[in-house]
Amino acid sequence: MMYKPNFNQRKALRFHHFTRKGYALFACLGRVVTISVLSVATLTSASAAIDDKGMTETVTTNDDQTDKEATLDDVEVTGSCAPLALGQAVRMVTVLSREEIQAAPVQSINDLLKMAVGVDVRQRGPIGAQTDVSIRGGTSEQITILLNGINICDPQTGHNAFDLPCDISDIERIEVLEGPAGRVYGTSSLVGAINIVTRDVRSKMAEVRVEDGSFGYLSAAGRVALGLHSLSSNYTRSDGYSRSKAGSLNSDYSGGKVFYQGGYQCEGLLLNWSGGLSVKGFGSNTFYSAKFDEQYERTTKIYTALQGDLTIGKLHVRPAIYWNRSYDRFELIRGSEERVPFNYHRSDVFGINLNTYFDWQLGRTAMGAEFRNEDIVSTNLGEPLSDPFSHYKVGLNRSNLSFHLEHNILLKRFTLSAGFIAIKNTWNQMPFKLYPGIDASYRIGDHWKVYASYNSSLRMPSFTELYYSVGGHKADKYLKPEELHAVEGGVKYSNHWLTAQTSIFHHHARNMIDWVMDTRDPNAVWQSVNYTKLNTLGQEISLNSKLSTLNFQLSYCHLHQQKQEAAYLQSQYSLEYLRHKVTASLRWTISDHLRLSLNYRWQDRMGSYTTVDGKVCDYHPYSVVDARLDWHQDSYTLYLEGNNLTGHRYVDYGNVPQPGCWITAGYAKKF
């Protein structure tokens with residue numbers, strides 16, 4: 001599903017009479033609603049308010065009825081192929097709003113996801129140097145990362161998936177879809193998807209932000225929006241918080257971003273185009289090998305996309321075309337290519353997709369197709385090139401073709417979404433395979449909602465998993481695609497001040513890919529392998545209370561995995577899942593201008609890692625407390641942030657200790 005541009009100027013839809021049919025709601029999704037006739041016997045009170053995106057926000061209510069006709073929330077989310085408002089989406093989608101983003105004590109988009117209880121964020125370095133993000137016990141390779149609905153995943157490796165071209169100030173909201181999303185996003189969305197939605201470009205404004213902090217941290221950013229165009233940029237640096245045995249800094253960081261959005265609108269047609277650039281270099285200390293503590297990596301990512309929204313009668317056509325290019329240079333010994341040759345990679349991803357949907361008496365039907373080509377040239381990933389050039393001696397090219405069909409039924413209390421995706425990949429001559437899914441929910445009264453779902457998905461191996469056979473690693477180019485089938489059920493309660501939700505889910509996976517090492521062999525190397533089976537049972541519970549000056553959130557996730565494994569095998573990914581995770585946050589509006597935000601996170605990870613001395617260590621539970629105090633006026637904001645206030649040097653990834661207490665002060669100005 002492609003993201004609908006926010007600069008849409010919506011036509012008014014005028015009701016002359018009312019129908020109690022559930023499917024009638026589809027006609028007013030995303031439309032300005034005016035009412036010309038009211039039947040007092042049917043409706044005793046009604047109001048329609050439009051938010052800054054033109055979406056219908058306020059609910060139509062009946063004091064005499066025990067249930068509401070419907071709730072039209074103010075955003076469309078990515079839980080299905082057909083666009084549905086958050087209140088109508090069958091699958092539970094976690095949405096981090098702009099208000100939460102502005103109040104969070106974070107320096108990067110990666111940090112924001114730490115407070116999503118079903119998301120595992122493992123940082124090898126702070127401020128977004130390199131972050132592995134996974135969902136519900138999966139790996140960083142098994143989720144789809146989208147920018148305004150465009151898949152920006154890097155087929156080389158999931159380590160670079162969050163090389164985003166946009167700054168945190170560009171973000172309007174972040175949507176997290178937990179569980180298989182194959183029928184919505186195709187390959188790579190094995191255990192979920194994260195969609196990053198950028199801000200509305202219609203406003204005319206400008207803003208700047210500067211930050212200074214611990215470990216030589218400095219960041220400066222600016223953004224300007226003029227009509228249907230916006231441009232932002234960011235530069236961030238840090239001296240780092242650790243040194244190598246030789247005494248040199250080995251966790252430093254320096255990088256910049258530039259992001260542009262533009263649009264065009266005429267009768268029945270919307271166009272939205274965007275482009276961005278992300279460049280960063282960072283000390284990788286012991287990221288990939290504990291024996292070398294002066295590693296370094298530099299990545300560059302170029303992002304372009306063109307999206308459209310064409311309305312022809314009742315038919316909505318949403319095409320998109322995109323191209324991403326990524327460069328990656330890895331230095332095992334920093335600055336010493338004569339001692340150990342550097343690894344160079346260049347990957348190109350070209351895609352074109354078409355999503356259509358239409359409304360009729362039985363609901364909303366969506367269908368579409370996507371073609372995606374992934375290409376890499378490298379020093380060590382792929383097959384020998386017929387015409388080598390520059391650093392690139394080997395490479396690989398593969399294409400993915402998919403077709404999807406989905407139907408959504410919205411009745412008075414019952415909502416059903418069902419469909420499938422058919423996928424064919426040229427890699428290993430993979431034939432067409434079908435992956436179905438079905439989601440259903442039922443509303444009980446005004447406050448309760450129960451839901452259940454079954455979904456399936458797959459993931460193609462990354463180029464690194466197929467061919468990386470250097471530096472203590474041995475890959476298998478005959479790896480099979482991963483496949484997963486999942487069932488989930490849950491219940492949700494909500495009123496004007498409290499939202500509570502609980503769910504239970506079971507994932508059955510086969511051919512799961514991981515890097516493992518035989519700890520019995522002192523000369524063992526990491527090998528990419530397919531696990532035959534992997535079963536995950538999980539539960540999530542969350543509470544969110546909103547009062548006049550306080551907003552409190554508490555969430556807990558528990559996972560238990562059963563897999564066929566030998567005790568002597570050490571894993572890099574799938575055996576190192578979060579068994580327990582607790583998150584809590586408190587936002588307190590102390591006065592009209594003063595606000596305090598507190599975030600707490602406790603994690604208990606399964607698995608172990610081997611130190612430089614050959615000692616096998618288990619991961620230990622740890623807790624982190626972050627805080628932000630800000631003074632905000634209409635035109636400026638002053639703030640002070642503290643991350644890891646207890647100063648605990650915990651290890652969340654083997655042999656890569658995280659920094660202690662990190663203090664940041666900032667100033668943001670709007671014009």
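The structure presented is a predicted model; accordingly, all values stated were derived computationally and were not measured.
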query = Is it true that the side chains of Arg124 and Gln130 contain a donor and an acceptor less than 3.5 Å apart?
reply = yes

message = Please tell me whether Tyr619 and Tyr609 form a close aromatic pair, meaning their ring centres lie under 6.0 Å apart.
response = yes

ask   = Phe505 vs His507 aromatic rings, parallel, tilted or perpendicular, using cut-offs 30° and 60°?
value = tilted

query = Asn373 and Ser399: side-chain donor and acceptor closer than 3.5 Å?
reply = yes

message = Quiz question: by atom type and distance under 3.5 Å, do the side chains of Tyr303 and Trp323 form a donor-acceptor pair?
response = no

inquiry  = Side chains of Thr236 and Asn234 only: does a donor on one sit below 3.5 Å from an acceptor on the other?
reply    = yes

request  = Taking the side chain as every heavy atom from C-beta outward, state whether Ile171 and Arg173 have any pair of such atoms under 4.5 Å apart.
outcome  = no

message = If you count heavy atoms of other groups shown closer than 6.0 angstrom to CZ of Arg325, is the number above 12?
response = yes

query = Are Asn343 and Arg329 linked by a side-chain donor-acceptor pair shorter than 3.5 Å?
reply = no

query = Around Lys474, counting heavy atoms of other residues, nucleotides and ligands shown, do more than 12 lie under 6.0 Å from its NZ?
reply = no

Stepwise salt bridge (Lys or Arg N to Asp or Glu O under 4.0 Å) test for Glu488 and Arg136 = CA-CA 12 Å; Glu488 180 177 356; Arg136 289 185 172 178; 3.1 Å; yes

inquiry  = Is it true that Glu297 and Tyr288 share a donor-acceptor pair across their side chains at a distance under 3.5 Å?
reply    = yes

message = I'd like to know whether NZ of Lys480 has more than 12 heavy-atom contacts from other residues, nucleotides or ligands below 6.0 angstrom.
response = no

inquiry  = If we count only N and O atoms by modelled type, under 3.5 Å, do the side chains of Tyr435 and Glu483 hold a donor and an acceptor together?
reply    = yes

message = Checking side-chain polar atoms at under 3.5 Å, does Asn148 have a donor or acceptor matched by the opposite partner on Thr198?
response = yes

inquiry  = Under a plain distance cut-off of 3.5 Å, with no hydrogens placed, do Asp163 and Ser278 share a side-chain donor-acceptor pair?
reply    = no

ask   = So, Glu175 and Thr94: side-chain donor and acceptor under 3.5 Å apart, yes or no?
value = no

